[in-house]
Amino acid sequence: MAYLELKHVSFAYPQGPSVLDDISMNFELGESVALIGQNGAGKTTTVKLMNGLLKPLTGTVSVDGASTAQLQTSQVAEKVGYVFQNPNDQIFQDSIRKEIAYGLVRNKVSKSLVDARVQAAAQLCGLADELDTHPYDLPFSVRKFVTIAAVLVMDPQVLILDEPTAGQDAPATERLGEIVQTAVGQGKTVITITHDMEFVTSQFKRAIVMAHRRVLLDAAVQQVFNDDAVLKEANLQRPYIAQLARQLGVPEALTVSDLLSHDMKGAPPANTRLE
Ligand SMILES: Nc1ncnc2c1ncn2[C@@H]1O[C@H](COP(=O)(O)OP(=O)(O)OP(=O)(O)O)[C@@H](O)[C@H]1O
């Protein structure tokens with residue numbers, strides 16, 4: 001049994017239409033998976049089902065062998081940490097240190113361990129020099145890292161990042177990549193919702209394409225970005241570099257390093273009129 005499983009899950013908000021229709025997906029520990037698709041495809045609803053904030057109307061969501069229907073949201077959230085799309089929905093303490101430490105303090109973890117874990121999470125998230133700052137004295141982009149640190153410090157087995165690169169500059173996006181790779185290196189599963197296809201191809205191995213309340217394709221990132229029909233149906237575009245690579249006759253290249261490592265001898269001349 002996979003660590004996190006959604007089996008034939010359907011969902012609708014109260015008095016609303018169906019939002020998810022019979023979706024199934026499995027996650028093993030140590031995976032990196034991007035959930036992609038247009039606005040309203042149901043991605044955020046899907047991840048809220050994964051961490052117990054929502055419960056399925058039909059079907060089952062199970063985490064570490066137990067159905068979320070039988071668990072409190074807090075029990076699920078210990079294993080599946082969810083970083084909200086908008087950090088303002090998550091932050092409520094008056095210092096970054098208190099915000100990151102909150103869950104550990106609530107769990108009565110010893111002060112020395114709290115200090116060590118807060119320091120480590122803050123370091124990874126670039127906040128080590130800001131621990132005594134009020135979160136609202138920092139820009140939105142930095143507040144997002146505060147919420148990531150506050151989830152990471154709890155050491156969940158699954159880390160869900162909702163639109164992490166939105167509003168972030170290149171160095172911050174690079175730091176997000178480091179956070180993803182560090183977590184995966186620790187054996188955690190990282191799942192992201194993102195509209196940033198470069199982030200998908202550079203940091204994730206698997207992608208799940210959602211549209212029309214269901215899963216269109218669940219496959220290796222390479223396969224997803226080579227599937228014209230699925231990309232069209234989900235209204236997704238290949239990353240710029242992958243479009244360029246196609247024009248250069250290297251359709252399998254998705255990143256700059258893929259392209260640079262390819263033997264270009266015999267490739268047709270570039271016609272760089274991109275989609
Ligand atoms: N709290 C809510 N109450 C009622 N309907 C909702 C609620 N949250 C989302 N919806 C609706 O559910 C559908 C799926 O929304 P969801 O946020 O899961 O999609 P998404 O793929 O994450 O989109 P986005 O990329 O815009 O976040 C949309 O039609 C949305 O309007």
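For ligands, and for the atoms within them, numbers begin at 1 and follow the listed sequence.
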Checklist entry - Backbone or side chain, does any N or O of G42 fall under 3.5 Å from an N or O of ligand 1? => result yes

Item to check | Closest protein heavy atom to atom 15 (O) of ligand 1, given as residue, atom name and distance to 0.1 Å | outcome: T45 OG1, 3.9 Å

Checklist entry - Given K232 and D228, is the salt bridge (Lys or Arg N to Asp or Glu O under 4.0 Å) satisfied, shown in steps? => result CA-CA 6 Å; K232 188 164 180 235; D228 291 326; over 6 Å; no

Checklist entry - Atoms of ligand 1 less than 4.0 Å from T44 heavy atoms? => result 17 (O), 18 (O), 20 (P), 22 (O), 27 (O)

Checklist entry - Between R206 and F27, is NZ or CZ placed under 6.0 angstrom from the six-membered ring centre and within 45° of the ring axis? => result yes

Next on the checklist: If I take atom CG from residue L176 and atom NZ from residue K144, how far apart are they, to the nearest 0.5 angstrom?
Outcome noted: 8.5 Å

Item to check | Protein contact of atom 13 (C) of ligand 1 - nearest heavy atom, named by residue and atom, plus distance | outcome: V19 CG1, 3.6 Å

Checklist outcome for this item: The closest protein heavy-atom partner of atom 23 (O) of ligand 1 is G40 N, 2.7 Å

Next on the checklist: Working to the nearest 0.5 angstrom, can you tell me the gap between F84 CZ and D162 CG?
Outcome noted: 9.0 Å

Checklist entry - When you look at E233 and R214, which way does the salt bridge (Lys or Arg N to Asp or Glu O under 4.0 Å) test go after all the steps? => result CA-CA 12 Å; E233 188 173 351; R214 57 193 178 85; 3.7 Å; yes

Next on the checklist: Give me the atom names and distance for the closest heavy-atom approach of E31 to V184.
Outcome noted: O-CG2, 4.1 Å

Checklist entry - Looking at ligand 1, does K48 have a heavy atom less than 4.0 Å from it? => result no

Checklist outcome for this item: For A41, the atoms of ligand 1 under 4.0 Å from one of its heavy atoms are 19 (O), 20 (P), 21 (O)

Checklist entry - Against heavy atoms of Q38, which atoms of ligand 1 measure under 4.0 Å? => result 21 (O)

Checklist entry - Nearest protein heavy atom to atom 21 (O) of ligand 1: under 4.0 Å? => result yes

Checklist entry - N/O to N/O below 3.5 Å, does that happen between T46 and ligand 1? => result no

Next on the checklist: Looking at every non-hydrogen atom in both residues, tell me the closest pair between E163 and Q85 and how far apart they are.
Outcome noted: CG-NE2, 3.7 Å

Checklist entry - Is atom 7 (C) of ligand 1 in close reach of the protein, with a heavy atom under 4.0 Å away? => result yes

Checklist entry - To which protein heavy atom is atom 11 (C) of ligand 1 closest, and what is the distance rounded to 0.1 Å? => result Y13 CE1, 4.1 Å

Item to check | Shortest non-hydrogen contact from T194 toward F199 | outcome: OG1-CD2, 4.2 Å

